[in-house]
Amino acid sequence: MIRSLLVANRGEIARRVFRTCRELGVSTVAVHSDADADALHVREADTAVRLPGDAPADTYLRGDLLVRAARSAGADAVHPGYGFLSENAAFAAAVTEAGLAWIGPPPAAIEAMASKTRAKELMAGAGVPLLAPIDPARATDADLPLLVKAAAGGGGRGMRVVTELSALEGELKAAAAEAASAFGDGEVFVEPYVVGGRHVEVQILADAHGTVWTLGTRDCSLQRRHQKVIEEAPAPALSDELRTTLHRAAEAAARAIGYRGAGTVEFLVSADGRAYFLEMNTRLQVEHPVTEAVHGLDLVALQLSIAEGRPLDDEPPCPHGHAVEARLYAEDPAAGWQPQTGTLHRLELPDGVRLDSGVTDGDTIGVHYDPMLAKVIAWAPTRDEAVRKLAGALERARIHGPVTNRDLLVRSLRHPEFTDPAALDTGFYDRNLPALTEPADAGAGLFALAAALADAHGRSRFGGFRNVPSGPQVKTYACAGTGTTGTTTATGTAPGTAYEIRYRLGRDGLSAEDFPGVRLLALGPDEVVLEVDGLRRPFTVARYGDRVHVDAPPAPGTAATAPASYAFTALPRFPDPTARTEPGSLLAPMPGTVVRIAEGLTEGDRVETGQPLLWLEAMKMEHKITAPAAGTLTALPVRTGQQVEVGALLAVVAETAEESETAETPETAETG
């Protein structure tokens, strides 16, 4: 019997495992880096052990420290969660050698699937259909497009799509470098890239008594940078024959390696309905809640039960209804998916949905770890109802702090290509991202008016009303965003777009320029109620320094595209005239580490528009910084391995007058 369990992980998945442990009466042990000393998972555990340092390589990836922590805390079992060392056979072996129960498959099973190339060979022997690898030295135009993949690890790291043979060599080197940095293994391979395919997976559970459950299917086709964004169960629009094929192949994969515990077998389903084995994840998946919701199970509880030697029932419970999960990230999809940092002032969702999160109000979103804030899961009897429920909950969420992908999620869930399951495929964001992030005429000025009125009430002991004639009150608010280059924020409004609000409050109520006919019904420091075109519109206002967040129910007739929340920066009446940046400056769009500088690049070199200059790594992703225009590289003040803060100067590209007329915005960096 497991009495005390250490989770060798952090954040959301650590809290998820702790929740089940509390229900089962199992005591909990957390581990934490110095950056996570005050993290929510640490506060919720019965006890915690410090892992000195901040970087994952010094903390959560140190198997020796984790085993030592478990033994010092008196734990008798270790759950690896997902990511970090969850699929590391050596760590699993070290745990069992220390006399601790390992909540996962045998080390031999992990090792069998650790390399995607070896896994494919093993699956071919078991009769599982798969895509044959391609020798890059013999690739031809007929093989295009190609996919370069890291043999170890996942999560989109070390993965590149190649559409031109001339780019293959460079992408092989880039993928190998990224894989070596992320997984300590630079092996990559090449296989056909299936255009218009779907990412479908099967959740499995296997005990030590020969029983293997296949728990339906999940569709994870909506992905950015080969990382999942929206997942659902069961996978829609599959024939019964194809479902049977997937279940049989998943069971064959599990039996071929003597699997035990929870795992996932992933497939690529082509447009013509053929399924190909991709990989097997020998751990619990991020998207496991949708399977739990549909089958009425606690997969973590079953993991512990299997580890304790208990058998599964002969058959799993039947599925019921439909579940959809959306991953809420601190990132700006319209600015190259840039991860965001800062204080999360508020994270609040309406009742009726499941929220799995590793953060709470007041937490700081840093640079060391994945930018996922939470998973939001909705269940309903049908797919249409589940999708509508999830979109509505996200739309009504109050999320104050860094820019997030919330509005992108809402628009994605309501997009015709998503609501029609037959149109699903992994190219969704390649086709639709510009439209999903384009500015919407959503009445941001009305939200700014609410911010100005609430501010007036909060600053005046008379509530902002005047009994004598006076000039209008003037407040200026800029839509908060991550850049100054004309990109849009996640709310679909250009960052820096300013709204000058001119209004009077008197005996006759509200008189606001640019808002004729708008009536003020109620006013407080945190809430404003307006009547707009005869409709009552309530707004809630929250202030954090010079940042103002305004939320409102969706306006009638605009629910499909319009944001129901805006973040503004209150601008001073007299801006600092010295706040200028040298033209052509490339500023760090987020805190991170300079992991690479373009080979041979030095100050004084001629560069072309879009030419890669350097790469930043932040929150488990690499971000390419490119030249904004053709010109001369006049400054390159950073070096490989250097830590930089947001806004730090990375490079300066001086362009001629002729070139400046056709200059383009860099892929990820900001320019001043």
Side-chain angles (χ1 to χ4, degrees), residues 345-346 395-400 403 406-407 439-467 469-481 488-559 561-575:
H345 298 290
R346 177 169 296 180
E395 186 174 49
R396 289 168 171 80
R398 300 187 71 189
I399 308 168
H400 300 166
V403 171
R406 184 264 300 273
D407 290 311
D441 183 12
L446 200 62
F447 286 72
L449 173 62
L453 294 173
D455 181 69
H457 185 282
R459 294 177 183 272
S460 171
R461 63 192 181 100
F462 300 110
F465 289 93
R466 294 175 179 264
N467 290 319
S470 66
Q473 298 293 307
V474 181
K475 300 284 185 181
T476 305
Y477 296 92
C479 278
T488 60
T489 67
T491 61
T493 302
T497 300
Y499 294 89
E500 185 178 81
I501 306 300
R502 305 172 69 87
Y503 68 94
R504 292 182 178 87
L505 287 174
R507 291 179 177 179
D508 296 329
L510 171 68
S511 173
E513 297 181 17
D514 301 322
F515 302 97
V518 173
R519 295 179 56 218
L520 177 63
L521 302 183
L523 176 61
D526 305 314
E527 183 176 16
V528 176
V529 182
L530 302 174
E531 183 182 275
V532 184
D533 297 329
L535 299 176
R536 183 181 183 274
R537 298 284 307 279
F539 299 83
T540 57
V541 182
R543 289 174 292 274
Y544 312 95
D546 63 354
R547 182 64 61 91
V548 185
H549 287 263
V550 185
D551 301 279
T558 63
T561 59
S565 177
Y566 282 90
F568 299 102
T569 298
L571 300 182
R573 291 187 63 186
F574 305 104

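When reading the values below, keep in mind they use all heavy atoms of this one structure, side chains included, and skip hydrogens, waters and symmetry mates.
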Got a second to check how far Arg547's CZ is from His400's NE2, nearest 0.5 Å? 11.0 Å
Grab the two heavy atoms, one from Arg406 and one from Ala397, that are nearest each other, plus how far apart they are. NH1-O, 2.9 Å
Kindly indicate whether the side chain of Val550, heavy atoms from C-beta on, has any atom under 4.5 Å from the side chain of Tyr477. no
side-chain contact (heavy atoms from CB on, under 4.5 Å) with Phe539: of Asp526, Asp551, Leu446, only one passes, and it is Leu446
Please find the pair of heavy atoms, one from Pro538 and one from Pro553, that lie closest to each other, and give the distance. O-CD, 3.3 Å
Sorted by chain and number, sequence neighbours left out, side chain to side chain donor-acceptor pair (under 3.5 Å) with Glu531 holds for Arg519
Mutual orientation of the aromatic rings belonging to Tyr544 and His549 [parallel < 30°, tilted 30-60°, perpendicular > 60°]: perpendicular
Smallest separation among heavy atoms of Arg398 and Arg346, with atom names: NH1-NH1, 2.6 Å
Measure across Pro525 and Ala454 and return the closest heavy-atom pair with its distance rounded to 0.1 Å. O-CB, 3.6 Å
Working to the nearest 0.5 Å, report the span between CZ of Phe447 and OH of Tyr566. 6.0 Å
Run Cys479 and Phe568 through side chain to side chain contact (heavy atoms under 4.5 Å, CB included) and show every step you take. CA-CA 4 Å; Cys479 278; Phe568 299 102; 3.9 Å; yes
CG/Asp407 to CD/Glu395 distance, rounded to the nearest 0.5 angstrom? 8.5 Å
So how far is it from Arg536 CZ to Leu521 CG, rounded to the nearest 0.5 Å? 7.0 Å
Would you give the length of the straight line joining atom CG of Asp514 to atom CG of Leu449, rounded to the nearest 0.5 angstrom? 10.0 Å
Minimum heavy-atom separation for Tyr499 to Ala448, with atom names? CB-CB, 4.0 Å
If we check side-chain contact (heavy atoms from CB on, under 4.5 Å) with Leu453, which of these qualifies: Val529, Ile501, Leu505, Val541? Leu505
Give the minimum heavy-atom separation between Gly524 and His457, together with the two atoms involved. C-ND1, 3.7 Å
